[in-house]
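Quick notes on the structure that follows.
Lettering follows sequence order; numbering is per chain, from 1. Values below: all heavy atoms of this structure, side chains included; hydrogens, waters and symmetry mates excluded.
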Number of protein chains: 2
Amino acid sequence: MADVAAKAGVSRALVSIVFRNQPGAGRETRERVLRVADEIGYRPDSAARLLARGRSRTLGVMFTVHQTFHMDLIEGIYPEAERLGYDVLLSAAARGRSESQAAEALLGHRCEALILLGADADQECLEQLGRRLVTVSVSRRVPNAPVDFVHTAEGKGVRQAMDHLVGLGHRRIVHIDGGRGPGSAERRRAYRAAMRRHGLEAELRVIPGEHTERSGIETGRMLLAERDRGVPLPTAVLAGNDRCAMGLLMVMTRAGVDVPGDLSVVGYDDSHLSHLMPIGLTTVRQDAALMAEHAVRFAVERLRDEELGPREAVLDPKLVVRGTSGPPRDGDGLSPLAG
Amino acid sequence: MADVAAKAGVSRALVSIVFRNQPGAGRETRERVLRVADEIGYRPDSAARLLARGRSRTLGVMFTVHQTFHMDLIEGIYPEAERLGYDVLLSAAARGRSESQAAEALLGHRCEALILLGADADQECLEQLGRRLVTVSVSRRVPNAPVDFVHTAEGKGVRQAMDHLVGLGHRRIVHIDGGRGPGSAERRRAYRAAMRRHGLEAELRVIPGEHTERSGIETGRMLLAERDRGVPLPTAVLAGNDRCAMGLLMVMTRAGVDVPGDLSVVGYDDSHLSHLMPIGLTTVRQDAALMAEHAVRFAVERLRDEELGPREAVLDPKLVVRGTSGPPRDGDGLSPLAG
DNA sequence: GCGCGCTACTGACGCGCTCCAGGTCAGTAC
DNA sequence: GTACTGACCTGGAGCGCGTCAGTAGCGCGC
C-alpha cells in the first residue's frame with residue numbers, strides 16, 4: 001500500500017479512500033492510484049482491513065459434503081451476499097469433520113455471522129453458536145437461542161404430495177423418513193396426519209431412514225426382500241428427500257419394478273439432481289434461491305441492528321408432478337398377491 | 001487479550017505464548033491464563049494474529065458446485081491439511097460466479113496457497129494465479145506457470161475400460177467426451193487410440209459432451225432418436241465421467257433399454273454417487289483421497305521451500321467392474337436392426 | 001480584503017496480535 | 001562467594017490497514 005502511495009505520489013490514506021470507493025478523491029487521482037496498484041499487483045489485505053475496521057463483512061456458511069440441496073442453496077447465497085456487500089466463506093462438514101469443527105473454522109476466520117445449512121448437530125452445540133454470534137439456520141429449527149430460521153412449510157408440502165398420491169388412488173403409501181435430519185420430524189408428522197385424514201390409518205408406515213441415497217437403496221432392498229416373502233410392495237413411497245428417493249428408484253428400476261406403474265415415488269427438495277433426472281422425479285419443490293436470499297438477508301439485517309430479535313421465514317413448498325407418480329395399477333391399492 | 005493478561009497477572013506476550021501452545025510458560029501460569037480467558041470469554045483474534053504473523057497457514061480450495069467428485073476431494077483435503085497444521089477455506093464456482101471470482105475471494109482472505117479442483121477457466125487466468133501464489137491444480141494441467149499438477153493417468157484408465165469392453169465382445173463403442181473439461185482431452189485421445197489398436201477404427205465415434213448429468217441425458221435422447229430412425233444403438237458407451245454416465249443410464253433405463261444387455265455403460269471417477277448406485281456403475285476409479293492428499297502435500301511443501309519447482313503427481317486409475325457392463329446381446333456387436 | 005465553505009488530500013494513531021531482544025530469578029557447578 | 005545456565009517472563013516494535021482531525025488550496029460573496 002505504501003508502495004502504491006509512493007508511486008502514485010499520494011498518501012496512504014488516499015489509497016485507502018480510493019480502494020474503499022469513498023468520496024474524497026479526485027477522478028484523476030483515483031484512476032492513477034488504481035492503475036499503479038494494478039501495475040504493482042497490490043490487493044488490499046483483508047486481515048489488516050478487518051483488524052483496523054473491526055468488521056470483516058464476511059458471512060460464514062456451513063454445509064455438508066454430498067448434500068446436493070446445499071449446493072443449490074450455496075448457489076443462491078453468493079449473489080445475495082454480494083448484493084449486500086458481504087463476502088462468503090464456506091466450510092464443509094464431512095466424514096471425519098464434525099459440524100462444530102466446520103463452524104469453529106468459520107469463527108476462526110472472523111465471520112460476522114453464520115449460516116448453517118441443514119444442521120444436524122446436537123441442539124446444545126447450535127444454541128451455543130447462536131449465542132456467540134448472529135446465526136441463521138436453514139431447515140433446522142434451533143429453539144432457546146437467538147437463531148434465525150429459514151425453512152419451508154414442510155407440512156404443507158407433504159400434504160400436497162399425499163393428496164396427490166391419494167387422489168391418484170394410492171392407499172398403501174409408506175414414508176421413508178430422514179431420521180433426525182432437518183425437517184424430518186415435521187414431514188413425518190404431516191405424513192401421519194395425512195394418512196389419518198384420508199382414513200388410511202391402518203396403512204400408515206414410517207420406515208426409519210436418512211437423507212442419503214444409501215438410505216433409499218437400503219429401504220428399497222428391504223421392501224423387495226419383503227415382497228419375496230409375500231408381503232406386497234407399497235404402491236407409493238414418500239421419500240425423506242430427493243437423494244433418498246433416487247436411491248430407491250435405482251433399486252426398484254433395477255429390480256424390474258415399473259415406476260410409476262407398480263410403484264410411485266415422491267421426493268422432497270427438487271434439488272439440482274432431480275431436475276436433471278429424465279425419469280422426472282415427482283417431488284416437493286423447495287425454492288433454494290429464495291431460501292438462500294432470506295438466510296442472507298436475515299443475517300445482514302441482524303448484523304445491522306443488534307436489537308433485532310430472531311425471526312423465522314416460512315416459504316411455501318410446491319408439489320412438482322413429474323414422471324415417477326401415477327395411478328396404482330390395481331385401483332384399490334392392493335397388489336394381486338395380497339388380494 | 002490485555003484484560004486476560006491483567007486479570008491473570010501476566011504480560012500480554014505471555015498470554016500469546018500460552019495460546020500458541022509454545023514453550024516459555026510454566027504449567028501453573030498456563031492453566032491460570034487459560035482459565036481466566038475462559039471466564040472472560042476471550043478467543044484470539046485470527047485477523048490480528050494473521051496480520052502480526054504474516055502467515056495465515058490457510059489453504060484456499062476452489063471447487064465447482066454440483067461436481068460430486070469435488071466433494072470427494074474436499075473430504076480428503078480436510079484431514080491432510082489438519083495433519084500438516086493448515087486451515088482450509090472453500091470457495092465455490094457456480095452459475096453467476098466464475099472461477100476467477102471464486103479464486104479472488106480466496107486471495108482476499110490471505111490464503112497462502114490455492115488448490116484448484118477441476119479448473120475450467122482459461123489458461124491465462126490460471127497461469128496468472130500460478131504466478132501470484134503457490135497453486136496446485138487437480139485434474140487440469142497448467143503449463144507455462146509454476147503450478148503443481150495432480151491427476152490420474154487418464155489414458156491408462158480409458159485403456160483398461162476399453163480393453164474390458166472389447167474383451168466382452170463389444171465393437172460399437174462410442175465415447176461421450178467432456179468437452180474442454182479437465183482430463184477430457186486425454187480420455188478422448190486414449191479412446192481413439194484404443195479403438196484403433198483394436199482394429200475398430202470404423203466404429204470410432206466421439207459425441208461432444210460435458211461432465212454433467214444433463215449431457216448424458218441429452219446424448220441418451222439423441223441416441224434413442226437415432227435408433228428410432230433406424231440407426232442402431234451402440235452396444236457400449238464410455239462416458240466422460242460418472243455424472244454423464246448416470247444421466248445416460250437414467251434415460252436408457254427409462255426407455256426400456258436393458259443395461260447391460262442392450263447397452264453397457266462405463267463411467268469415470270468412481271465418485272460418491274456411483275458408489276451408491278445399486279445398479280452398480282462400472283467405472284474408472286480415481287482415488288479422491290489420495291489425490292487430495294497429494295494436492296495438499298504439494299502446496300505445503302512448496303510453501304515450506306520456495307525454491308521447489310512445480311511437480312506432477314500421476315496416480316494410477318483402476319477399472320471397477322460393476323453391473324452396467326456385460327457382453328453385448330449380439331456377439332458381433334451389431335444390433336438385429338443393423339444386421 | 002476577509003471569512004466562508006468546499007474539495008482534495010495528509011499525518012498519526014490504533015486495531016489485537018506475534019516476535020524478538022532482552023530481563024529476572026532460582027538452581028547448579030566450582 | 002562468583003559465574004553460569006535455563007526456565008520463565010516482559011516491553012516494545014511493527015504487521016497493513018481504517019479513521020479522523022486537520023491542512024492546503026480555491027472559488028465565492030460581500
Side-chain angles (χ1 to χ4, degrees), chain A residues 1-38 40-58 85-87 107-112 132-133 303, chain B residues 1-38 40-58 85-87 104-105 107-112 132-133 303:
Chain A
M1 180 166 177
D3 295 346
V4 175
K7 196 162 175 192
V10 295
S11 68
R12 294 187 310 106
L14 220 250
V15 176
S16 169
I17 286 171
V18 170
F19 267 87
R20 279 174 301 134
N21 234 328
Q22 281 208 341
R27 261 195 75 74
E28 200 179 320
T29 322
R30 208 173 278 271
E31 279 168 13
R32 182 158 35 94
V33 168
L34 252 20
R35 190 159 33 76
V36 170
D38 197 50
I40 296 190
Y42 163 84
R43 337 176 67 270
D45 181 327
S46 69
R49 163 174 289 180
L50 193 157
L51 182 60
R53 196 163 40 175
R55 295 202 46 182
S56 65
R57 294 190 78 80
T58 297
Y86 278 76
D87 240 14
L107 285 190
H109 283 275
R110 273 299 186 252
C111 294
E112 291 183 38
R132 213 146 55 156
L133 80 172
L303 246 24
Chain B
M1 180 167 177
D3 295 345
V4 175
K7 197 164 175 191
V10 295
S11 68
R12 295 186 309 108
L14 217 253
V15 176
S16 169
I17 285 172
V18 169
F19 268 87
R20 281 176 296 138
N21 233 329
Q22 282 210 339
R27 262 196 76 75
E28 200 180 320
T29 322
R30 207 172 279 270
E31 280 168 12
R32 183 159 33 94
V33 168
L34 251 21
R35 190 160 32 77
V36 169
D38 196 47
I40 296 189
Y42 163 84
R43 331 172 73 269
D45 181 326
S46 68
R49 163 175 290 180
L50 195 157
L51 181 61
R53 199 160 40 175
R55 294 201 48 182
S56 64
R57 295 190 77 80
T58 297
Y86 277 77
D87 241 14
E104 282 298 328
L107 285 189
H109 283 275
R110 272 299 185 253
C111 293
E112 292 183 38
R132 216 151 45 161
L133 79 171
L303 246 25

Nearest-nucleotide comparison on DNA chain C, the residue closer to the 5′ end among A:R30 and A:R12: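 Counting from the 5' end, the first nearest nucleotide belongs to A:R30.
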A:L34 vs A:V18, side chain to side chain contact (heavy atoms under 4.5 Å, CB included): CA-CA, chis, key distance, verdict: CA-CA 8 Å; A:L34 252 20; A:V18 170; 3.6 Å; yes
Note, A:T58 side chain near A:H109 side chain (heavy atom, < 4.5 Å):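 They are not in side-chain contact.
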Heavy atoms only, 4.0 Å cut-off, all strands: where does [X] land among base, sugar-phosphate and nothing?
X     : result
A:V10 : sugar-phosphate
B:Y42 : sugar-phosphate
A:S46 : nothing

Nucleotide range of DNA chain D lying under 4.0 Å from chain A heavy atoms: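 Range of nucleotides within reach of chain A: D:dG16 to D:dT19.
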Minimum heavy-atom distance between B:V4 and B:V36, given as atom pair plus value: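 For B:V4 and B:V36, the tightest heavy-atom pair comes out as O-CG1, 3.9 Å.
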Using whole Å, what does the distance between atom [atom2] of nucleotide [N] and atom [atom1] of [X] come to?
X      : N      : atom1 : atom2 : value
A:R55  : C:dG16 : CZ    : P     : 15 Å
A:R49  : C:dG14 : CZ    : C1'   : 17 Å
B:R110 : C:dC17 : CZ    : C1'   : 16 Å
B:M1   : C:dC15 : CE    : P     : 13 Å
B:L14  : C:dG23 : CG    : C1'   : 13 Å
A:R32  : C:dA8  : CZ    : P     : 13 Å
B:L51  : C:dC17 : CG    : P     : 12 Å

B:R12 (side chain) donor-acceptor with B:M1 (main chain) under 3.5 angstrom: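 No; zero donor-acceptor contacts below 3.5 Å.
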Donor-acceptor contact present, side-chain B:E112 to main-chain B:S56, <3.5 Å: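 Checking the backbone N and O of B:S56 against the side chain of B:E112, a donor-acceptor pair under 3.5 Å is found.
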Residue closer to the 5' end of DNA chain D, B:I17 versus B:A52 (nearest nucleotide):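 In this pair, the answer is B:I17.
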Side chain to side chain contact (heavy atoms under 4.5 Å, CB included) between B:R30 and B:N21, intermediate numbers included: CA-CA 9 Å; B:R30 207 172 279 270; B:N21 233 329; 3.9 Å; yes
Side-chain N or O of B:S16 closer than 4.0 Å to phosphate OP1/OP2 of C:dT18: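 So the side-chain polar atoms of B:S16 do come within 4.0 Å of the phosphate oxygens OP1 or OP2 of C:dT18, strictly under.
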List in chain and number order the residues that pass side-chain hydrogen bond (donor to acceptor under 3.5 Å, both in side chains) with [X], two or more places apart in sequence or in another chain; answer none if no residue qualifies.
X     : value
A:Y86 : A:R55
B:R35 : none
A:E31 : A:R27

A:E28 CD: over 12 foreign heavy atoms closer than 6.0 Å: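 Not more than 12 within 6.0 Å, no.
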Interatomic spacing from CZ in B:R20 to CZ in B:R53 - rounded to 0.5 Å: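 If I round to the nearest 0.5 Å, the distance is 8.0 Å.
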CA sep, side-chain torsions, deciding dist, call: B:D45, A:R110, side chain to side chain contact (heavy atoms under 4.5 Å, CB included): CA-CA 8 Å; B:D45 181 326; A:R110 273 299 186 252; 3.4 Å; yes
Runs of at least three Watson-Crick or G-U pairs with DNA chain D, cut-off 3.5 Å: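 When the pairs of DNA chain D are grouped into runs of at least three, the stems are C:1-30 with D:1-30.
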Residues from residues 20-28 of chain A lying under 4.0 Å of DNA chain D - heavy atoms: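 Within residues 20-28 of chain A, the residues near DNA chain D are A:R20.
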